[in-house]
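Notes follow once the structure below has been shown.
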Protein chains: 4
Amino acid sequence: MKKYTAGEDSVHMKEKITKESILLFEKKGFSTTSIQDIVDVLGVTKGTFYYYFHSKEQLLMDIHYDYITTLLKRQEQILNKDQMSQKDKLTENIRLLIRNIIEEGPSARVFFRELRHLTDENRDKIRQERKKFRLNVEKIVQLGMEQGEFRKSLKPDMVAFGIVGITNWSYNWYQSGGSTSPEELVKIYADMILNGIQN
Amino acid sequence: MKKYTAGEDSVHMKEKITKESILLFEKKGFSTTSIQDIVDVLGVTKGTFYYYFHSKEQLLMDIHYDYITTLLKRQEQILNKDQMSQKDKLTENIRLLIRNIIEEGPSARVFFRELRHLTDENRDKIRQERKKFRLNVEKIVQLGMEQGEFRKSLKPDMVAFGIVGITNWSYNWYQSGGSTSPEELVKIYADMILNGIQN
Amino acid sequence: MKKYTAGEDSVHMKEKITKESILLFEKKGFSTTSIQDIVDVLGVTKGTFYYYFHSKEQLLMDIHYDYITTLLKRQEQILNKDQMSQKDKLTENIRLLIRNIIEEGPSARVFFRELRHLTDENRDKIRQERKKFRLNVEKIVQLGMEQGEFRKSLKPDMVAFGIVGITNWSYNWYQSGGSTSPEELVKIYADMILNGIQN
Amino acid sequence: MKKYTAGEDSVHMKEKITKESILLFEKKGFSTTSIQDIVDVLGVTKGTFYYYFHSKEQLLMDIHYDYITTLLKRQEQILNKDQMSQKDKLTENIRLLIRNIIEEGPSARVFFRELRHLTDENRDKIRQERKKFRLNVEKIVQLGMEQGEFRKSLKPDMVAFGIVGITNWSYNWYQSGGSTSPEELVKIYADMILNGIQN
DNA sequence: CATGAATGAGTGTTCATTCAT
DNA sequence: GATGAATGAACACTCATTCAT
C-alpha cells in the first residue's frame with residue numbers, strides 16, 4: 001500500500017490524514033472531531049482533505065474497511081491450515097482477535113466504537129464482514145463438535161458470540177504495559193474457553 | 001406532588017423526556033440526536049427540556065447513573081447471600097448482567113455506547129461504579145479459588161474481565177424473540193465459564 | 001417611601017426586588033442579569049417578580065426614575081435659596097452631584113450605564129429630566145455672568161457640560177475608602193472650576 | 001495579499017465587518033446587536049463572521065484595542081516634544097481627547113460604553129492601557145507643579161481624573177454640526193482647566 | 001495539489017414572559 | 001400573593017461542504 005519512498009515527506013498525504021484521524025477519533029470520538037481538527041494537526045487546509053476524501057464519513061468507512069479486511073485475511077490463513085485441529089484453530093482465532101486489538105489499539109477502538117456513524121449502507125457492509133468472521137468461528141466450533149473435540153451439547157452460534165465477546169471486550173480495558181502480556185492473555189482466555197467447551 | 005392516577009398523562013414530564021431520549025439515543029446515537037428531536041416526539045418545546053435538565057449531558061449522565069446504580073444494588077443482594085457458594089454467586093452475577101441487558105435493552109445500549117459523551121468528571125464517576133461491579137466479580141473468583149471451588153492457577157482480574165466481556169457483549173447482538181431465550185443464554189454462558197474455571 | 005414597619009420581613013417585596021436588582025445590575029450589567037438571577041437571590045420565583053413589575057424594563061425605568069427624581073428635588077432646594085450667590089450655588093450643585101454618586105454608588109452606576117436598555121419612550125423621558133438638571137446648572141452660570149461673578153466670555157452651555165462631565169465621570173473611578181474623601185473631592189473640583197471661570 | 005485597487009469592493013471583509021459592527025454597536029448597543037444583525041448589513045452569512053473572528057467578544061476587544069492603542073500612540077508624540085511647556089502639553093492632551101472622540105464618533109462611544117462586555121481578562125488589559133494614558137496626564141500636572149507652571153496645592157491624580165472626565169464626557173453629548181466647533185470646544189475647556197489650575 | 005473564503009443548515013442553550021392553579 | 005410549568009423566539013457558535021483560483 002505504501003510504495004517505496006525516500007523520506008517522510010513523500011509519504012502520501014492520504015495515509016497521513018487517515019493515520020492522524022484515527023488518533024483523533026480515538027481520543028475525541030468521531031462526531032466530536034472536526035475536519036478542522038484533523039487538518040490542523042497536519043498543517044494543511046480543509047481543501048486538502050476534500051481532495052482526498054469525498055466526505056468525513058468516507059474516511060471513517062475506509063478505516064472500518066481496512067480493519068475488517070485485514071482481520072478477515074488473517075483469519076483465512078488460519079482456516080487454510082487443513083491439518084490443524086479445531087481446538088488449535090480456535091486458539092489461533094482467539095490469538096488473532098486479541099493481538100489485533102492490542103497491536104492496532106487506536107484503529108481497533110475506532111472500529112468498535114464508531115460503527116454507528118457510517119451511513120446505513122456502509123454500516124450494513126461492515127456488519128456483513130464482521131458476520132463472516134463470526135460465522136467462521138462458529139463453523140470451527142461446529143466441526144469441533146462433529147469431530148468429538150468439543151461437547152455435543154453446545155450451541156455453536158452462542159459459543160461464537162461468547163468467544164468474540166470475551167476477546168473483543170478487551171478493547172475497553174486492555175492497557176499495554178500492564179501486568180499481563182498479550183500472549184499471556186491469549187493463553188488465559190484460550191484455556192478458559194477450551195476448558196469450557198471441550199469434551 | 002404526583003397524585004395517584006391511572007393513566008399515561010399523569011407520568012411526570014421529566015420521566016417522559018428520559019424515556020423517549022433513551023429510545024432516540026439508542027436509535028440515532030447521542031450526538032446525532034438533537035434536543036429538537038427529543039421534544040418533537042413529545043410535542044413540547046425546547047424550553048420544557050431545559051426546565052428539567054441543565055444540559056443534554058446531564059440527561060445522559062442521569063441515564064448512566066440510573067443504570068449502574070440499579071445494577072450495583074442488585075449485585076449487592078447477591079453478595080449478601082452468605083450461605084451461597086461462590087459458583088452460585090458467579091452464576092447469579094452472570095444472570096444479572098445478561099438479564100439486565102436484555103430487559104433494559106435500550107438503556108443498556110445507551111449505557112455501553114455513549115459513555116464517551118459524558119464530561120470527564122462524570123465519565124470518571126461512572127467508570128468508578130463500573131469498576132466496583134467488576135471488582136466484586138473478581139472477589140468472588142478470588143474466594144472461589146481460596147475455597148477450592150475454582151482452579152488455583154487463575155488470574156482473578158483477567159477472569160473477571162472475561163466474564164463481563166462475554167456477558168456485556170450481548171448488548172451488541174442479542175435480539176429478543178430469537179431462538180435462544182434469556183434464561184437459556186444464562187445457562188449456556190454460566191456453564192461455559194464454570195467449566196472453564198472450576199477445579 | 002418606606003413606611004414604618006416592625007421588622008425586616010415586612011419590608012415590601014417590591015423594594016427588596018429593586019434593591020437586589022440594583023446590586024446585580026451594577027455587578028453584571030442589565031442585559032446579563034436574568035430575572036432568574038434576581039429572584040434566586042431573594043428565594044422567590046419568577047411569578048413573584050411579574051406580580052410587581054410588568055417587565056424587566058419597567059424595573060430599570062423605576063430605578064432611573066427614582067434616581068433622577070431625587071436628584072432634581074435636591075437641586076430645587078439649592079435653587080430656592082434666593083440669597084445665595086451663584087458661585088455658592090454652583091459649588092452646591094457640584095457637591096450634590098459628587099455626593100449623590102458616591103452615596104448612591106450602585107444606583108448611580110446603573111443610572112449612568114444602563115440608560116440604553118430603556119425603551120425609546122422611557123429613554124427620552126429620562127433624558128429630558130437629565131436635561132432639566134443641566135439647564136439649571138447652565139442658568140446659574142448665565143446668572144453668574146450677568147451679575148459679574150463669572151467671566152463674560154464664557155459659553156454657559158459648554159461650561160455646564162464641563163461641570164456635569166467632571167463630576168459625573170467620578171462614577172467610573174471613585175472608590176470609597178481611598179485617599180480622597182468625598183468632601184475633599186468636592187472642594188478640589190469646586191475650586192478648580194470656580195478658578196477656571198470666575199472674574 | 002491585498003492588491004492595490006481603487007474601489008470599495010477591495011476593502012477586506014474583516015475591516016468591513018468591524019466598521020459596520022461599530023455602527024451597529026453604537027446604535028443598538030453591543031448586547032442587543034446580534035451577529036445576524038451584523039452579517040445582514042453586509043449581505044454575508046454568519047459563517048463568514050466566524051471565519052474572521054473567534055467570537056463576538058473578540059470583535060469588541062479588537063475595537064477597544066485599536067481605539068486605545070491609537071490614542072496612546074498619539075499621546076506619545078506629544079510627550080516626546082521636549083521643549084514644550086507643561087501647559088501646552090496639557091492643552092495638546094485635551095485637544096487629543098476631544099478631537100479623537102469627535103472624529104472617531106461611533107468608535108469612541110462603543111469604547112466608552114461597552115467595556116463591560118469584555119471578558120475579565122480583556123477588560124483588565126484595556127483598563128491598564130487607559131490607566132497609562134491617565135497617568136501620563138497626571139505626570140504632566142506633576143511636572144507643571146514642580147516647574148512652577150501650576151499651583152503647588154493641587155492633587156495631580158484628582159486633577160487628571162477631572163481632565164479626562166470633562167473631556168471624555170463629551171462622547172455623551174457632543175454633536176457634530178452644532179454651534180460649537182471641535183476646536184472651539186478644545187479652547188474653551190483648555191482655557192477653563194488651565195485657568196483653574198495655573199499659578 | 002492545495003488554498004482561502006464563504007455558505008447554510010443546524011446545535012445547545014438562554015430567557016423574558018404567560019398563565020392556570 | 002405566589003408558584004411551577006411551559007412557551008417561543010432568539011442567540012452565539014460550529015461545521016461539513018463547496019468552489020474559484
- [ ] Could you state the atom-to-atom distance from CD1 of I17(B) to P of dA5(F) in whole Å?
- [x] 11 Å
- [ ] Using atom NZ of K56(A) as one end and atom C1' of dT14(F) as the other, report the distance to the nearest whole Å.
- [x] 11 Å
Task: Q58(B) side-chain N/O to F53(B) backbone N/O, donor-acceptor pair under 3.5 Å - done: no
Task: Side chain T48(C), main chain V44(C), donor-acceptor under 3.5 Å - done: no
- [ ] Look at the side chain of M13(A) and decide which nucleotide, out of dT17(E), dA2(E), dA12(F), has an atom nearest to it.
- [x] dA2(E)
- [ ] Assign each of F49(B) and F49(D) to its nearest nucleotide of DNA chain F by heavy atoms, then name whichever residue's nucleotide is nearer the 5' end.
- [x] F49(B)
Task: Value in whole Å for how far the P atom of dA12(F) lies from CE of M61(D) - done: 20 Å
Task: Set of side-chain hydrogen bond (donor to acceptor under 3.5 Å, both in side chains) partners for R127(B), sequence neighbours left out - done: none
Open item on the list: I need the CZ-C1' distance between F53(B) and dA5(F), as an integer number of Å.
Closed with: 15 Å
Open item on the list: What residues from residues 111-123 of chain C pass a heavy-atom cutoff of under 4.0 Å to DNA chain F?
Closed with: none
- [ ] Using distance alone, with no hydrogens and no angle criterion, decide if H12(B) and E15(B) have a side-chain donor and acceptor under 3.5 Å apart.
- [x] no
Task: Pairs flagged by salt bridge (Lys or Arg N to Asp or Glu O under 4.0 Å) wherever residues 42-61 of chain C is involved - sequence neighbours left out - done: none
Open item on the list: What is the separation between atom CD on E57(A) and atom C1' on dC15(F), rounded to the nearest whole Å?
Closed with: 16 Å
Task: Under 3.5 Å: donor-acceptor pair, side chain of Q128(B), backbone of D124(B) - done: no
Open item on the list: So that I can compare with my own list, what are the stems of DNA chain E, taken as at least three consecutive Watson-Crick or G-U pairs with distances under 3.5 Å?
Closed with: E:2-21 with F:2-21
Open item on the list: Among residues 30-48 of chain B, which ones have heavy-atom contacts with DNA chain F below 4.0 Å?
Closed with: V44(B), T45(B), K46(B), G47(B), T48(B)
Open item on the list: Treating H54(D) as the side-chain partner and Y50(D) as the backbone partner, does any N or O pair qualify as donor plus acceptor under 3.5 Å?
Closed with: no
- [ ] Measure from the side-chain N and O atoms of R113(B) to the backbone N and O of G29(B), and report whether any donor-acceptor pair falls under 3.5 Å.
- [x] no
- [ ] Classify the nucleic acid contact of Y52(A) as base, sugar-phosphate or nothing, counting any heavy atom under 4.0 Å across all strands shown.
- [x] sugar-phosphate
Side-chain atoms of residues 34-41 of chain B: list all donor-acceptor pairs with protein atoms under 3.5 Å, sequence neighbours left out, distances to 0.1 Å.
unit_1 : atom_1 : unit_2 : atom_2 : d
S34(B) : OG     : Q36(B) : N      : 3.4
S34(B) : OG     : D37(B) : N      : 3.0
S34(B) : OG     : D37(B) : OD1    : 3.4
S34(B) : OG     : D37(B) : OD2    : 3.3
Q36(B) : NE2    : D40(B) : OD1    : 2.9
D37(B) : OD2    : K28(B) : NZ     : 2.9
D37(B) : OD2    : S34(B) : N      : 3.0

TODO: For the side chain of Y50(B), starting at C-beta, report the closest nucleotide among dA12(F), dT14(E), dA5(E).
DONE: dT14(E)
Task: dA5(E) OP1/OP2 closer than 4.0 Å to side-chain N/O of Y51(D) - done: yes
Task: Whole-Å distance separating the CD atom of Q58(C) from the P atom of dA16(E) - done: 15 Å
Task: Side chain to side chain, T32(D) and R116(C), heavy atoms closer than 4.5 Å - done: no
Task: Approximate separation, where rounding is to 0.5 Å, of S21(B) OG and K16(B) NZ - done: 13.0 Å
Task: Min side-chain heavy-atom separation K27(C)-R109(C) under 4.5 Å - done: no
Open item on the list: Suppose you measure atom C1' in dT21(F) against the same atom in dC1(E); what distance do you get, rounded to whole Å?
Closed with: 13 Å
